[in-house]
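A short worksheet on the structure shown next.
Throughout, residue positions are numbered sequentially from 1 according to the sequence presented.
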Amino acid sequence: MNNHKCPNIEEFKTLLKKHSLKATPQRLAVHEAMMSLGHASADMVTEVIKDKGTAKVTTASVYNILTHLAMIGVYNYRLSANNKMYFDVNTFKHLHFYDQDNHVFKDVIDDDLVSLIEAHLSRKRVKGYRIEGFDIQLVGRPTRKKYTV
């Protein structure tokens, strides 16, 4: 069974230490914001931090922290259709649903589907490559129900 949760603050501090990074107030504030948002852009995270008043940050510093954490595998990242980088606090195996109208990502947790995909890919070969993983994104728009008065 997969662990379907993001690292809590103590686990996050351990991850930072593992990568020789200090648990600065800015990094902790970024992770706290990411835990509440799930998928977020740097400006969204900055807004949450500024609203809480937990640390002094700029959007640029938040972007740099998020990017660095994604590069070392603490977070994942996704590019939206409007060319904005969104970071994902959940690094466990899952799929995504992307709302094209609102540029919002949502996690799709389906262990059975993930297992089927992994089993299928384990039997496939791509000449000259080793398959290390997969990234599936479902794309859609909100449904709009028409009501008659």
Side-chain angles (χ1 to χ4, degrees), residues 1-16 18-19 21 23-121 124 126 129 131-149:
M1 186 92 193
N2 283 333
N3 181 11
H4 296 130
K5 66 179 187 65
C6 69
N8 65 31
I9 286 294
E10 290 309 312
E11 292 165 335
F12 179 70
K13 287 178 182 177
T14 301
L15 286 169
L16 291 176
K18 177 182 162 191
H19 292 282
L21 296 172
T24 63
Q26 292 80 9
R27 287 186 182 123
L28 295 176
V30 164
H31 189 65
E32 285 178 5
M34 285 298 295
M35 286 191 306
S36 67
L37 294 168
H39 301 90
S41 62
D43 53 334
M44 293 165 69
V45 172
T46 303
E47 188 177 317
V48 168
I49 294 170
K50 286 184 176 180
D51 286 349
K52 285 188 176 183
T54 51
K56 289 193 173 205
V57 295
T58 64
T59 302
S61 66
V62 168
Y63 182 80
N64 289 338
I65 290 169
L66 289 167
T67 301
H68 189 213
L69 292 172
M71 303 226 9
I72 62 174
V74 175
Y75 297 151
N76 288 329
Y77 57 92
R78 313 194 65 72
L79 188 61
S80 69
N82 64 348
N83 285 329
K84 196 172 214 178
M85 188 66 69
Y86 285 80
F87 296 86
D88 185 357
V89 73
N90 294 320
T91 57
F92 56 83
K93 293 177 184 176
H94 63 287
L95 294 82
H96 287 96
F97 183 87
Y98 178 65
D99 173 343
Q100 294 183 105
D101 289 352
N102 299 299
H103 303 291
V104 174
F105 291 96
K106 295 177 190 267
D107 287 336
V108 178
I109 310 300
D110 189 331
D111 291 338
D112 293 337
L113 181 56
V114 167
S115 293
L116 284 169
I117 294 165
E118 286 179 326
H120 183 77
L121 290 177
K124 296 292 179 187
V126 178
Y129 292 92
I131 297 174
E132 295 181 349
F134 60 91
D135 182 8
I136 295 178
Q137 177 172 292
L138 308 171
V139 180
R141 289 191 163 86
T143 56
R144 290 179 173 72
K145 295 182 180 179
K146 301 205 187 247
Y147 298 99
T148 55
V149 181

* Spacing of Ile136 atom CD1 and Leu113 atom CG [to the nearest 0.5 Å] -> 6.5 Å
* Compare all side-chain heavy atoms of Gln137 with those of Leu95 and state whether any distance is below 4.5 angstrom. => no
* Parallel, tilted or perpendicular: ring planes of Phe105 versus His96, cut at 30 and 60 degrees -> perpendicular
* Reported OH-to-CG distance for the pair Tyr77 and Asp88, which is rounded to 0.5 angstrom -> 12.5 Å
* **Residue pair Leu69, Leu16: steps toward the side chain to side chain contact (heavy atoms under 4.5 Å, CB included) verdict** => CA-CA 9 Å; Leu69 292 172; Leu16 291 176; 3.8 Å; yes
* For Glu47, does the CD atom have more than 12 heavy-atom neighbours from other residues, nucleotides or ligands under 6.0 Å away? -> no
* **Separation of Leu21 CG from Leu15 CG (nearest 0.5 Å)** => 10.0 Å
* Please check if the side chain of Asn102 supplies one atom and the backbone of Val104 the other of a donor-acceptor pair under 3.5 Å. => no
* To do: Indicate yes or no: at least one non-hydrogen side-chain atom of Phe12 is less than 4.5 angstrom from one of Leu28.
  => yes
* So do the side chains of Asp107 and Phe97 get within less than 4.5 Å of each other, counting heavy atoms only? -> no
* Okay, side chain of Thr46, backbone of Ala42: is any donor-acceptor separation there less than 3.5 Å? -> yes
* Contact check, side chains of Met85 and Leu66, non-hydrogen atoms, under 4.5 Å -> no
* For the residue pair His39 and His94, categorise the inter-ring angle as parallel (less than 30°), tilted (30 to 60°) or perpendicular (more than 60°). => tilted
* Asked: Yes or no on side chain to side chain donor-acceptor pair (under 3.5 Å) for Asn76 and Asn90, after CA distance, side-chain angles and deciding distance?
  -> CA-CA 7 Å; Asn76 288 329; Asn90 294 320; over 6 Å; no
* When rounded to the nearest 0.5 angstrom, what distance separates OH in Tyr98 from CG in Leu79? -> 8.5 Å
* Asked: Is any side-chain heavy atom of Ile9 closer than 4.5 Å to a side-chain heavy atom of His31?
  -> yes
* Hey, does Leu121 have a side-chain heavy atom less than 4.5 Å from the side chain of Phe134? -> yes
* To do: Report yes if the side chains of Ile65 and His68 come closer than 4.5 Å at any heavy-atom pair, otherwise no.
  => no
* **Salt bridge present between Glu32 and Lys52 (N-O < 4.0 angstrom)** => no
* To do: Evaluate the side-chain proximity of Val74 to Thr91: yes if any heavy-atom separation is below 4.5 Å, no if none is.
  => no
* Identify the two heavy atoms, one from Ile49 and one from Ala55, that lie closest to each other, and give their separation to 0.1 Å. => CG2-O, 3.5 Å
* To the nearest 0.5 Å, what is the distance between OG (Ser115) and CG (Asp110)? -> 9.0 Å
* Asked: For Met35 and Pro7, which heavy atoms make the closest approach, and how far apart are they?
  -> SD-O, 3.5 Å
* Asked: Backbone N or O of Asp43 within a donor-acceptor pair of the Tyr63 side chain at under 3.5 Å?
  -> no
* To do: For residues Phe92 and Lys5, report the shortest heavy-atom separation together with the two atoms involved.
  => CE2-N, 3.6 Å
* Verify salt bridge (Lys or Arg N to Asp or Glu O under 4.0 Å) between Asp111 and Lys93, making sure each step is shown before the conclusion. => CA-CA 8 Å; Asp111 291 338; Lys93 293 177 184 176; over 6 Å; no
* Asked: Counting only heavy atoms not in His103, do more than 12 fall under 6.0 Å of its NE2?
  -> yes
* To do: Report the distance from atom CG of Asn8 to atom OG1 of Thr14, rounding to the nearest 0.5 Å.
  => 8.5 Å
